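Comments concern the structure below.
All values below come from the heavy atoms of this structure, side chains included, with hydrogens, waters and symmetry mates left out. No experiment lies behind these values; they were computed from the predicted model shown.
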Amino acid sequence: MAEEKRRKVAFPLFSHYNLPIKYFIETSMNAEYILQPPMTRRTMDLGARYSPDSVCTPFKTTLGSMIEALEAGADTLIMTMGVCRLGYYGELQEEILRRQGYDFDFVNFSEYATGKPKDYLKVLRQVDPKLSLPKMTRALTEALRMVAHLDEIEELYYKNCGFEVHPGDYRKTRDHFLMAMQLAAGSHDIEEGYKTVKREMAAIPLKKPDRRIRVGVIGEYYTVMDPFSNLNLEQKLADMGVEVHRWMNVSNRNLHYHEKNLRVQIGDYCEYNMGPTSTANIWAAKYYASHGFDGIVHVKSAGCTPETDIEPVLRRIGAEYRIPILYLTYDTQTSDTGLDTRLEAFYDML
């Protein structure tokens with residue numbers, strides 16, 4: 001009997017979250033995960049070349065990343081679902097790629113977005129028909145632990161890396177941690193990598209003034225979390241000596257999120273759910289403004305309707321709490337010059 005083909009699976013690059021996706025697929029399924037190269041100008045050019053002009057920017061980025069995954073040997077692409085236009089990405093991207101002559105299998109979570117666990121299981125069994133439920137459950141639990149660790153370490157990194165006595169210590173330690181997560185083959189590896197980076201980060205000497213500039217970064221889900229998409233915004237702020245805070249991550253927005261609870265806290269500004277990240281960003285802006293932060297940066301991709309809709313609310317918060325807000329919109333540009341100039345002016349003002 002012929003051996004069943006082992007799929008080569010890929011997902012569009014998104015910050016560091018491809019590492020837990022890789023772990024989940026390779027420890028629960030008879031499949032290999034293809035980790036495509038880091039995104040570059042070529043990634044954006046590829047995506048923009050085949051995308052509708054007016055589509056929101058993450059569509060172009062993820063499409064380019066899919067093309068590079070196929071070039072790297074992937075034969076199966078997975079696309080997530082979403083409650084804004086993201087929910088339509090997968091169907092349109094699949095059609096675009098097939099028109100360009102690519103041959104692949106496409107697994108689109110939006111086709112199974114019923115909220116029922118058994119339907120998500122159907123999606124995964126497209127990748128591995130013999131998927132074991134106990135094995136999958138264990139791998140998912142461990143992958144989610146990795147997500148929590150990645151988010152915690154990234155939060156520590158951006159709060160502290162701008163105040164190192166020896167520049168580069170935090171980055172080197174974080175990079176070692178990310179490599180450990182990429183190579184992790186089991187729960188023990190994940191936890192050991194986490195304990196090691198926590199211990200090493202705690203030992204890094206800092207020169208952190210009591211009165212330091214603190215900036216809260218808010219914005220559209222993909223662009224605010226992905227360093228390539230926002231031109232390394234948080235690193236640029238940290239390099240200026242800013243303590244950078246960002247509530248928006250997968251742990252906070254997807255794993256521990258309570259829309260109604262947050263909306264109660266911003267009842268003066270928002271009565272209804274305005275979109276996938278709108279409530280969270282209004283809440284975060286009010287939190288930063290009312291807790292003595294020096295400034296807020298609002299990040300969105302061009303064409304992102306929910307984030308455009310909340311800008312009048314953010315301006316009201318800025319006026320009432322007398323806190324400056326910098327509004328940044330990203331499209332297919334990859335030059336840092338304009339961003340550097342605006343951040344320097346914002347920093348000088350703070």
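- Under a 3.5 Å cut-off, the side chain of N18 and the backbone N or O of P12 do form a donor-acceptor pair.
- Between T332 and T57, the shortest heavy-atom contact is N-CG2, 4.4 Å.
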Checklist line | Audit row: D294, R211, salt bridge (charged side-chain N to carboxylate O under 4.0 Å, His left out) steps and yes/no | finding: CA-CA 11 Å; D294 300 284; R211 183 64 184 95; 2.7 Å; yes
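- Between the side chain of K208 and the backbone N or O of N160 there is no donor-acceptor pair closer than 3.5 Å.
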Margin query: Let's go through D175 and K172 carefully: what are the C-alpha distance in whole Å and the side-chain angles of both, what is the deciding distance for salt bridge (charged side-chain N to carboxylate O under 4.0 Å, His left out) to 0.1 Å, and is it a yes or a no?
Written below: CA-CA 5 Å; D175 288 349; K172 182 168 64 176; over 6 Å; no
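- Side-chain N/O atoms of E307 and T277 include a donor and acceptor closer than 3.5 Å.
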Next item on the list: May I have the step-by-step check of side chain to side chain contact (heavy atoms under 4.5 Å, CB included) for V244 and V215, ending in yes or no?
Entry: CA-CA 5 Å; V244 183; V215 169; 5.6 Å; no
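- The minimum heavy-atom distance between K60 and P52, with the atom names listed, is CE-O, 4.1 Å.
- Nearest heavy atoms, I218 versus Y288: CG2-CE1, 3.7 Å.
- In this structure a side-chain-to-backbone donor-acceptor pair under 3.5 Å is present from S65 to L13.
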Check: Under the side chain to side chain contact (heavy atoms under 4.5 Å, CB included) criterion, do Q265 and Y287 qualify, and how do the steps go?
Finding: CA-CA 10 Å; Q265 300 176 55; Y287 176 88; over 6 Å; no
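- No side-chain donor from either of S28 and K135 sits under 3.5 Å from a side-chain acceptor of the other.
- For the residue pair Y17/D151, the side-chain donor-acceptor check at 3.5 Å is satisfied.
- At a threshold of 4.5 Å between side-chain heavy atoms, the hydrophobic network of Ile, Leu, Val, Met, Phe, Trp and Tyr places F293 and I325 in one connected group.
- In summary, of the residues considered (D348, L231, L233), a side-chain contact (heavy atoms from CB on, under 4.5 Å) with L343 occurs for L233 alone.
- For the pair I78 and V127, the minimum side-chain heavy-atom distance is below 4.5 Å.
- Under the 4.5 Å side-chain heavy-atom criterion for ILVMFWY residues, a single connected hydrophobic cluster contains both M225 and L326.
- Using a 4.5 Å cut-off on side-chain heavy atoms (C-beta onward), S229 and S301 make no contact.
- Side-chain atoms of L97 and L63, non-hydrogen and from C-beta on, do get closer than 4.5 Å to each other.
- Within a 6.0 Å sphere centred on CG of D53, heavy atoms belonging to other residues, nucleotides or ligands number 12 at most.
- No hydrogens or angles considered: a donor-acceptor pair under 3.5 Å links the side chains of T62 and Q93.
- Note on L92: it does not cluster hydrophobically with F109, by side-chain heavy-atom contacts below 4.5 Å among ILVMFWY residues.
- With a 6.0 Å cutoff to the six-membered ring centre and a 45° limit on the axis angle, R315 counts as a cation-pi contact of Y327.
- Considering CG of L183 and NZ of K22, their distance stands at 7.0 Å, rounded to 0.5 Å.
- Contact annotation: the side chain of C270 never approaches that of V313 to less than 4.5 Å [non-hydrogen atoms, C-beta and beyond].
- With rounding to the nearest 0.5 angstrom, the OH atom of Y23 is 6.0 Å from the OG atom of S187.
- With hydrogens and angles disregarded, no donor-acceptor distance shorter than 3.5 Å links the side chain of D119 to the backbone of Y112.
- Side chain of E68 to backbone of Q36: no donor-acceptor contact under 3.5 angstrom is found.
- Counting only distance, with no hydrogens or angles, the side chain of R145 and the backbone of E191 share no donor-acceptor pair below 3.5 Å.
- Residues Q235 and D239 have side chains that bring a donor and an acceptor to within less than 3.5 angstrom of each other.
- The shortest distance between side-chain heavy atoms of E152 and Y194 falls below 4.5 Å.
- The shortest side-chain heavy-atom distance between Q182 and L35 falls under the 4.5 Å cut-off.
- We find the CD1-CD1 distance between I282 and I266 to be 5.0 Å, quoted to the nearest 0.5 Å.
- Using modelled atom types, one finds no donor on one side chain facing an acceptor on the other under 3.5 Å when comparing E91 with N108.
- Considering R212, K159, R214 in turn, R212 is the only one that fulfils the side chain to side chain donor-acceptor pair (under 3.5 Å) rule with E243.
- Among R263, E320, R316, the single residue meeting the side chain to side chain donor-acceptor pair (under 3.5 Å) criterion with Y269 is E320.
- Summarising the geometry of M181 relative to I190, their closest heavy-atom pair is CE-O, 3.6 Å, with the distance given to 0.1 Å.
- The backbone N or O of E154 lies less than 3.5 Å from no partner atom in the side chain of R246, so there is not a single donor-acceptor pair.
- Under the 4.5 Å side-chain heavy-atom criterion for Ile, Leu, Val, Met, Phe, Trp and Tyr, I96 and M79 are members of the same hydrophobic cluster.
- Residues Y257 and W247 share a closest heavy-atom pair of CD1-CH2, 3.7 Å.
- By the rule that hydrophobic residues join a cluster once side-chain heavy atoms approach within less than 4.5 Å of another member, Y89 and Y222 end up as members of separate clusters.
- Atom CZ of residue R6 and atom CG of residue D128 lie 10.0 Å apart, to the nearest 0.5 angstrom.
- A donor-acceptor distance shorter than 3.5 angstrom exists from the side chain of Y330 to the backbone of N230, with no hydrogens or angles considered.
- A cation-pi arrangement is not found for R174 relative to F177, the charged atom failing to lie both closer than 6.0 Å to the ring centre and inside a 45° cone about the ring normal.
- Rounding to the nearest 0.5 Å gives a distance of 11.5 Å between CD of E271 and OG1 of T279.
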Check: Going through the checks in order, is the side chain to side chain contact (heavy atoms under 4.5 Å, CB included) test met by F106 and R98?
Finding: CA-CA 10 Å; F106 197 77; R98 295 204 187 282; 4.0 Å; yes
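- Using a 4.5 Å heavy-atom cutoff, the side chains of I153 and L156 are in contact.
- In this structure a side-chain-to-backbone donor-acceptor pair under 3.5 Å is present from D226 to S15.
- M274 contributes atom CE, which lies 5.0 Å from atom CG of D309 (distance to the nearest 0.5 angstrom).
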Checklist line | Worked verdict on V9 versus F11 for side chain to side chain contact (heavy atoms under 4.5 Å, CB included) | finding: CA-CA 7 Å; V9 181; F11 184 84; over 6 Å; no
Checklist line | From CA spacing to verdict: salt bridge (charged side-chain N to carboxylate O under 4.0 Å, His left out), D336, K236 | finding: CA-CA 10 Å; D336 294 47; K236 290 178 183 295; 2.7 Å; yes
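- The closest side-chain heavy-atom distance from R171 to Y157 is below 4.5 Å.
- E164 contributes a side-chain N or O that, together with a main-chain N or O of D169, makes up a donor-acceptor pair within less than 3.5 Å.
- Here F59 and Y88 keep their ring centres 6.0 angstrom or further from each other.
- Considering all non-hydrogen atoms of both residues, T43 and P38 come closest at OG1-O, 4.4 Å.
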